[in-house]
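Side-chain atoms are counted along with the backbone in the values below, which use heavy atoms only and exclude waters and symmetry mates. Along the sequence shown, residues are numbered consecutively beginning with 1.
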Amino acid sequence: MSFLLLTYGAIQAGLLIWTFRWSGVPRAGVPRAGVPRAGVPRAASARLWLLRLMLFGMIYDNLVQGVGQWFMDSAIWESINAGRYFLHVVTLPWLTLLALSLLREADVAAASNRVLWSVLGAIVLLALGWGLYHDVAALELEPVTRYGVFKYVSVSKLPPLGTIVTNLVVLVLAALLWRAARWPWLFAGALFIFLLNGATGSQPWGFLVGNFAELVFVGALLATEYRFRLWRA
């Protein structure tokens, strides 16, 4: 199964490289209500840099797990595994504001409301703070071998609260984006990872399914950003 994880990582590396090739002038199109208009592509946005950081974290996660069987005796391998948790914690909560920013791009009036930004910003900070405490400062790891994959996992039995809250908020915002811009793919990706992780997370093979769900989800995020970045006047 190490090969499967390394395959996930290779695909994500290809996606990361692809994001640096988003150039050229898009074709002209007929503007429609709620749909981004054709125009000249802009410089990389904060959203795109966040997605690149997420891709880097996913590549790191798959690579560390995929090669663990060859480095399990290394004195620093536990610390290297801890990096997987850190990268997850510092990127995932910001998806809430990314989704809200996309709603603003789609000209949804409520997405420019300062109160809404403040409330969702507070949720982001709470999820970030909890993650930094629980998955970084208080993180305890134990070595396991599952299906030929050697890695360190958290000994905590608490569910990933920050991840769950972020996923639920993104689902709601993605549903609004679907309605406003007739773009269902972000909602589909967010629903896919939420249901798949919820159904398989407790299984010993759940990490293989979860990493596949991450690949699908980041694909939906990239497709959405590509549309709203390159096709906005």
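Phe194 and Val209 are members of different hydrophobic clusters when ILVMFWY side chains are connected at heavy-atom separations under 4.5 Å. Note on Leu125: it does not cluster hydrophobically with Ile123, by side-chain heavy-atom contacts below 4.5 Å among ILVMFWY residues. Both Leu98 and Trp49 are members of a single hydrophobic cluster when ILVMFWY side chains are connected at heavy-atom separations under 4.5 Å.
To the nearest 0.5 Å, atoms CG (Leu53) and CG (Leu92) are separated by 11.5 Å. Considering CG of Leu51 and OH of Tyr226, their distance stands at 14.5 Å, rounded to 0.5 Å. Atoms CZ and CG, on Arg227 and Leu102 in that order, are 11.5 Å from each other to the nearest 0.5 Å. Note: Ser74 OG to Ile80 CD1 = 5.5 Å, rounded to the nearest 0.5 Å. The CG atom of Leu103 lies 12.5 Å from the CG atom of Asn113; values are rounded to the nearest 0.5 Å.
Applying the ring-ring contact (aromatic ring centres under 6.0 Å, His included) rule to Trp178 yields the partners Phe187; only residues at least two apart in sequence or on another chain are considered. Qualifying side-chain hydrogen bond (donor to acceptor under 3.5 Å, both in side chains) partners for Ser79, counting only residues two or more places apart in sequence or in other chains: none. Legend: residues meeting side-chain hydrogen bond (donor to acceptor under 3.5 Å, both in side chains) with Trp130, ordered by chain and number and at least two apart, are absent. For Ser101, the side-chain hydrogen bond (donor to acceptor under 3.5 Å, both in side chains) partners are Arg47, not counting sequence neighbours. Judged as a side-chain contact (heavy atoms from CB on, under 4.5 Å), and not counting sequence neighbours, the contacts of Leu16 are Thr19, Phe20, Arg52, Leu55, Ile59. Partners of Ser156 by side-chain contact (heavy atoms from CB on, under 4.5 Å), not counting sequence neighbours, listed by chain and number: His134, Ser154, Leu158.
Proximity of Leu128 to Tyr133: side-chain heavy atoms (C-beta onward) are nowhere separated by under 4.5 Å. Two residues are said to be in side-chain contact when any heavy atoms from C-beta on lie closer than 4.5 Å; Leu5 and Tyr8 meet this criterion. Met54 places none of its side-chain heavy atoms less than 4.5 Å from the side chain of Leu87. Inter-residue side-chain proximity for Trp22 and Leu48 is flagged as met; some heavy-atom pair is nearer than 4.5 Å.
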Can I get a per-line list of side-chain donor-acceptor pairs under 3.5 Å for residues 136-145, giving both atom names and the distance, sequence neighbours left out?
none

Side-chain polar contacts of residues 214-223 - donor-acceptor pairs under 3.5 angstrom, sequence neighbours left out - could you list them?
none

Under 3.5 Å, side-chain donor or acceptor atoms of residues 161-174 against the rest of the protein: list the pairs with distances, not counting sequence neighbours.
{"from": "Thr163", "atom 1": "OG1", "to": "His88", "atom 2": "NE2", "distance (Å)": "3.1"}
{"from": "Thr166", "atom 1": "OG1", "to": "Gly162", "atom 2": "O", "distance (Å)": "2.9"}
{"from": "Asn167", "atom 1": "ND2", "to": "Ala190", "atom 2": "O", "distance (Å)": "3.4"}

Could you list the donor-acceptor pairs under 3.5 angstrom formed between side-chain atoms of residues 200-208 and any protein atom two or more places apart in sequence or on another chain?
{"from": "Thr200", "atom 1": "OG1", "to": "Leu196", "atom 2": "O", "distance (Å)": "2.8"}

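The hydrophobic cluster analysis finds Leu126 isolated: no Ile, Leu, Val, Met, Phe, Trp or Tyr side chain comes under 4.5 Å of it, directly or through other members.
The aromatic ring centres of Tyr152 and Phe150 sit less than 6.0 Å apart.
Environment of CH2 in Trp117: crowded, with over 12 heavy atoms of neighbouring residues, nucleotides or ligands closer than 6.0 Å. Residue Phe192 qualifies as enclosed at atom CZ: its count of foreign heavy atoms under 6.0 Å is above 12. By the neighbour-count criterion of 12 heavy atoms within 6.0 Å, atom CE of Met1 is sparsely surrounded, having that number or fewer from other residues, nucleotides or ligands.
Here the closest non-hydrogen pair linking Ala213 and Ile193 is CB-CG1, 3.7 Å. Of all non-hydrogen atoms in Ala110 and Leu116, the two that sit nearest each other are O-CD2, 3.4 Å. Residue Met72 comes nearest to Trp77 through the heavy atom pair CA-CD1, 4.4 Å, listed as atom of the first residue, atom of the second, then distance.
Pairs engaging residues 56-70 under the side chain to side chain donor-acceptor pair (under 3.5 Å) rule: Ser2-Gln69, Gln12-Asn62, Asp61-Gln65, Asp61-Arg84, Asp61-Asn211, Asn62-Asn211, Gln65-Lys151 [sequence neighbours left out].
Side-chain contact check for Trp183 and Thr224: at least one donor-acceptor pair (N or O, by modelled atom type) lies under 3.5 Å.
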Evaluate the criterion side-chain contact (heavy atoms from CB on, under 4.5 Å) for residue pair Leu132 and Val90; output intermediate values, then yes/no. CA-CA 8 Å; Leu132 288 173; Val90 298; 4.2 Å; yes
